[in-house]
Every structure is written in C-alpha cells, then in structure tokens.
Colleague: 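Would you mind keeping the following structure in view while I ask a few things?
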Amino acid sequence: MRIVLVVACALIDPDGRILIAQRPEGKNLAGLWEFPGGKIEPGERPEQSLIRELAEELDISVKEACLAPLTFASYAYEDFHLLMPLYVCRRWEGTPRSREGQALKWVRAGKLRDYPMPPADEPLIPHLIGLVGA
Ligand code: C5P
C-alpha cells in the first residue's frame, strides 16, 4: 500500500477558535472541511512543507518555531494510506485569506463536528478539544 504523507495545521486564534478550509470543487473530497496543509514534496522537511502550504493557501507567514506537533492521523483510504501529522500554530504574520478559492471558517473545537470532514481528519477533533476546550 502506498503511503502518502500530508502535513496539516490547526491555526488557533486568540479566542481559541480553529481555522478550517473547505476543499474546492474539482478536488478529491470536494466540499469537505479540513485543516489547512498539503503533501510533502520531495526534498522538503514536513515543517517546510507546512510553511509553504500556509503561504500558498492562506497568504500567512509562519516561523518554524511557532509550529508545535499535536498528534497525527493514520487512515486507510481505498487506494493509499494517509499519514498526516497535525501541528498547531498560534502565532503567524498576516491575516489568513483564501488564495485558492477555498471557503475559510474559524470554529470552536466543540463545533468542528458540525462541518463534514474527510474521515482521516475526524479523529483529530478530540485532540483539539483536549488542547483548547470545547
Ligand atoms: O490536499 P491533497 O489533495 O493534496 O491531499 C492528498 C489526499 O490526502 C487527499 O486527496 C485526501 O484523500 C487526503 N487528505 C485528507 N485530509 C486532509 C488533507 C488531505 O484526508 N486534511
């Protein structure tokens, strides 16, 4: 089984809300809400990938020291196995805005279940509730 490595980040604002992004039309799992991030490209370290993806997708600048590992997702999709470390970040430069047409939403951890997510992402929610409260 092919293992696909994707890095994701829960951006947490001063109110303890978490940013989620809706996968745009045309992408696999379109319409589902996810934590921002993306695939690790060859030659990249995970933190570099995440910093690159956050700049590309959200137009924010994040320092590596501001990324803290929280947990990971390990999920068997039909055609590949997803391994996805989840980082949290409370400090960044700029204001997140959609650069790739994706809808964005700041949501309390206890409300994340109201937003349909890829099955790999759902088990991450209790870890976030444990971190920031519901
Ligand atoms: O975002 P991208 O399409 O490059 O991610 C590759 C695959 O990883 C997706 O098609 C999806 O199956 C999975 N994924 C996921 N949860 C995420 C990001 C990606 O399950 N937050």
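For ligands, and for the atoms within them, numbers begin at 1 and follow the listed sequence.
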Colleague: Quick test: of every protein heavy atom, which one is nearest to atom 4 (O) of ligand 1, and how far off is it to 0.1 Å?
Modeller: Lys39 NZ, 3.2 Å

Colleague: For ligand 1, is Tyr75 a contact, meaning one of its heavy atoms is under 4.0 Å away?
Modeller: no

Colleague: Please list, in number order, the atoms of ligand 1 under 4.0 Å from a heavy atom of Leu29.
Modeller: 11 (C), 12 (O)

Colleague: Should the proximity of Leu82 to ligand 1, defined as any heavy atom under 4.0 Å, be assigned to the side chain, the backbone, both, or neither?
Modeller: side chain

Colleague: Without swapping roles, check the side chain of Glu57 against the backbone of Leu54 for a donor-acceptor pair under 3.5 Å.
Modeller: no

Colleague: Would Asp121 count as a contact residue for ligand 1, given that I'm defining contact as a non-hydrogen atom of the residue lying under 4.0 Å from a ligand atom?
Modeller: yes

Colleague: Do Leu83 and Leu29 sit in the same hydrophobic cluster, where Ile, Leu, Val, Met, Phe, Trp and Tyr count as joined when their side-chain heavy atoms come under 4.5 Å apart?
Modeller: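 No, no single cluster joins them.
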
Colleague: Hey, quick one: are Val7 and Ile12 part of the same hydrophobic cluster, counting side-chain heavy atoms closer than 4.5 Å, chains of contacts allowed?
Modeller: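 Unlinked, Val7 and Ile12 end up in two clusters.
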
Colleague: Side chain, backbone, both or neither: which part of Trp33 comes within less than 4.0 Å of ligand 1 when only heavy atoms are counted?
Modeller: neither

Colleague: To the nearest 0.5 angstrom, please state how far the CZ atom of Arg97 sits from the CZ atom of Arg99.
Modeller: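 It comes to 5.5 Å.
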
Colleague: When you measure from atom 10 (O) of ligand 1 to each heavy atom in Val7, Asn28, Val6, which option holds the nearest one?
Modeller: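 When every heavy atom of Val7, Asn28, Val6 is considered, Asn28 comes closest to atom 10 (O) of ligand 1.
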
Colleague: What's the shortest distance from atom 9 (C) of ligand 1 to any protein heavy atom, and which residue and atom give it?
Modeller: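 It is Arg23 NH2, 3.7 Å.
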
Colleague: With a 6.0 Å cut-off (strictly less than), is the heavy-atom count around CZ of Arg91, excluding the residue itself, greater than 12?
Modeller: no

Colleague: Which ligand 1 atoms does Glu34 reach within 4.0 Å, using its non-hydrogen atoms?
Modeller: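 Under 4.0 Å from Glu34, ligand 1 has these atoms: 17 (C), 18 (C), 21 (N).
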
Colleague: Which heavy atom of the protein is the closest neighbour of atom 7 (C) of ligand 1, given with residue, atom name and distance?
Modeller: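 Of every protein heavy atom, Phe80 CZ, 4.0 Å lies nearest to atom 7 (C) of ligand 1.
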
Colleague: Flag yes if Leu124 and Tyr77 sit in one hydrophobic cluster, no otherwise; membership is Ile, Leu, Val, Met, Phe, Trp, Tyr, and two members link when side-chain heavy atoms are under 4.5 Å apart.
Modeller: yes

Colleague: Take a 6.0 Å sphere around CD of Glu25 and say whether it holds more than 12 heavy atoms from other residues, nucleotides or ligands.
Modeller: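 It does not: Glu25 CD has 12 such atoms or fewer within range.
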
Colleague: Considering residues, nucleotides and ligands other than Phe72, do more than 12 of their heavy atoms fall under 6.0 Å from its CZ?
Modeller: no

Colleague: Evaluate Glu47 against Tyr87 for side-chain hydrogen bond (donor to acceptor under 3.5 Å, both in side chains), listing each step before the verdict.
Modeller: CA-CA 9 Å; Glu47 293 80 8; Tyr87 292 77; 2.8 Å; yes

Colleague: Taking only heavy atoms of Ala120, which atoms of ligand 1 are found under 4.0 Å from at least one of them?
Modeller: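 So the atoms of ligand 1 that pass are 20 (O).
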
Colleague: Heavy-atom contact check, 4.0 Å cutoff: does Met117 meet ligand 1?
Modeller: no

Colleague: Against heavy atoms of Tyr77, which atoms of ligand 1 measure under 4.0 Å?
Modeller: 12 (O), 15 (C), 20 (O)

